[in-house]
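Only heavy atoms go into these numbers, but all of them, side chains included; no hydrogens, no water, no symmetry mates. Each ligand, and each atom within it, is numbered from 1 in the order the structure gives.
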Amino acid sequence: MGIVVQKYGGSSLADAGRIKEVARRIVESKKAGHDVVVAVSAMGDSTDELLELAEGVSPLPPARELDMLLTAGERISMALVAMAISDLGFTARSFTGSQAGVITDSAHGRAKIIDVTPGRISAAIADGHIVIVAGFQGVSQDTKEITTLGRGGTDTTAVALAAALGAAYCEIYTDVDGVFTADPRIVPTARRLERVSYEEMLEMAASGAKILHLRCVEYARRYDMPVHVRSSFSHKEGTWITPSQPGEEEAMEQAIIAGVAHDRSEAKITVVGVPDKVGEAARIFEALAASEVNIDMVVQNVSAAATGLTDISFTLPRTDGQQAMSALAGIQDEVGYEKLLYDDQVGKVSLIGAGMRSHPGITAKFFASLASAGVNIEMISTSEIRISVIVDEAQVDEAVRATHTAFELDATEVEAVVYGGTGR
Ligand code: ASP
Ligand code: MG
């Protein structure tokens with residue numbers, strides 16, 4: 001039957017009872033004839049607790065030591081899951097990311113997987129064991145140090161293992177029944193999607209949908225690995241993430257819109273009164289790049305004829321806000337802009353759907369739905385299959401609900417159940 005890779009998130013492993021429940025599920029797959037490889041996250045909110053602990057000890061912990069600390073969370077899970085499996089009469093072997101052959105670059109806290117050499121996993125499978133791998137971690141090829149992949153990274157571990165082992169598909173177990181047309185915590189009438197393409201899922205993950213780690217979707221697309229997102233609290237079929245089928249967008253039954261995503265993690269900076277000359281934008285964004293600030297949306301106004309000055313606004317992760325403001329303050333004289341405005345009370349609402357390529361009027365309908373909900377649009381950006389707007393943070397929920405309704409995405413009966421708490 002071949003190898004199946006499963007991932008269990010923190011909310012699926014929150015306590016001893018949940019761990020035993022997950023062990024039973026893993027054993028079910030083994031009994032069904034699969035070779036099972038499992039990637040586990042840290043229990044419940046324990047990664048947050050470890051981070052708090054670190055902060056209590058040191059305001060700016062060395063990145064190497066922080067990774068050492070955080071990887072312990074996943075190691076606790078892997079050992080406990082293996083114990084619970086052995087209690088059910090099956091043998092399991094747990095491996096750290098490093099032991100499992102997850103090779104990364106050396107960027108602590110945001111390492112990228114560059115290779116997976118799963119020799120020990122394959123040997124353990126050949127010996128009839130169930131394999132449990134600590135998620136979200138690896139070992140640097142250059143420095144040989146232990147690394148972490150960034151928050152939510154266990155999804156990526158699972159898909160990388162699935163690709164390296166030639167698994168038929170990868171199952172991501174979480175605390176909701178799949179990918180929904182909007183976050184069911186905000187839109188109770190959100191609908192489960194049966195299938196969503198890699199492209200749509202990428203846009204959703206990049207637009208703040210927390211159901212899957214962005215890099216996991218990139219990885220799945222690159223290796224053509226089908227991903228099944230489902231709940232560990234039910235036996236319902238979840239959502240399949242697969243390549244888009246040819247001609248699908250034109251097919252009648254294909255929904256135009258896959259979903260509405262939102263994101264409250266960004267801030268907006270406006271550089272006011274920038275002289276409208278060649279090279280000014282480059283200077284501003286070079287300064288931001290030099291201080292490793294990631295930029296999302298950018299808007300530049302036409303300059304006022306009278307003054308020859310323009311405003312440039314952009315969004316960025318709130319966590320990079322201070323860094324960006326000081327980088328820009330450092331080039332005020334050089335650029336000659338007037339002042340900086342910082343606003344972290346913003347949210348992003350995005351409408352995503354491959355069908356919008358071939359359907360006119362989507363933008364108009366989106367903006368009309370926001371207008372009728374009394375939501376003011378501060379910035380707009382689009383891709384081929386996405387339209388995003390920046391709005392006042394206090395109006396995000398309203399904007400998501402209004403858009404969801406306007407595009408007739410509401411289910412007639414509430415089908416979304418939120419079983420856990422964290423969304424992982
Ligand atoms: N435990 C890590 C986190 O909470 C990784 C993960 O859950 O995927 O971010
Ligand atoms: Mg977690």
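Those atoms of ligand 1 that come under 4.0 Å of a heavy atom in Arg151, given as number and element, are 3 (C), 4 (O), 9 (O). When each atom of ligand 1 is checked for a heavy atom of Gly152 under 4.0 Å away, the hits are 3 (C), 5 (C), 6 (C), 8 (O), 9 (O).
The pair Arg230-Glu171 meets the salt-bridge criterion, with a side-chain N (NZ, NE, NH1 or NH2) lying under 4.0 Å from an Asp/Glu carboxylate O. Ion pairing of Asp177 with Lys236 is present here, as a side-chain N (NZ or NE/NH1/NH2) and a carboxylate O approach within less than 4.0 Å. Using a cut-off of 4.0 Å between Lys/Arg side-chain N and Asp/Glu carboxylate O, Lys348 and Glu378 are scored as not salt-bridged. A salt bridge links Arg24 with Glu21: the closest approach of a Lys/Arg side-chain nitrogen to an acidic carboxylate oxygen falls below 4.0 angstrom. A salt bridge is absent between Arg185 and Asp397; no separation between the charged side-chain nitrogens and carboxylate oxygens falls under 4.0 Å.
Below 3.5 Å of separation, one finds an N or O of Ser41 facing an N or O of ligand 1. Among the atoms of Phe136, none of the N or O lies under 3.5 angstrom from an N or O of ligand 1. In terms of polar-atom proximity, defined here as any N/O pair under 3.5 Å, Gly150 makes no such contact with ligand 1.
A side-chain N or O of Ser388 and one of Arg386 form a donor-acceptor pair less than 3.5 Å apart. No side-chain N or O of Arg75 forms a donor-acceptor pair with one of Thr96 less than 3.5 Å apart.
If you look at His213 next to ligand 1, there are no close heavy atoms at all, none under 4.0 Å. With a 4.0 Å cut-off on non-hydrogen atoms, Thr47 touches ligand 1 through its side chain and not its backbone.
In this structure, Gly9 has no heavy atom closer than 4.0 Å to ligand 1. Ligand 1 lies out of reach of Gly135, whose nearest heavy atom is not under 4.0 Å from it.
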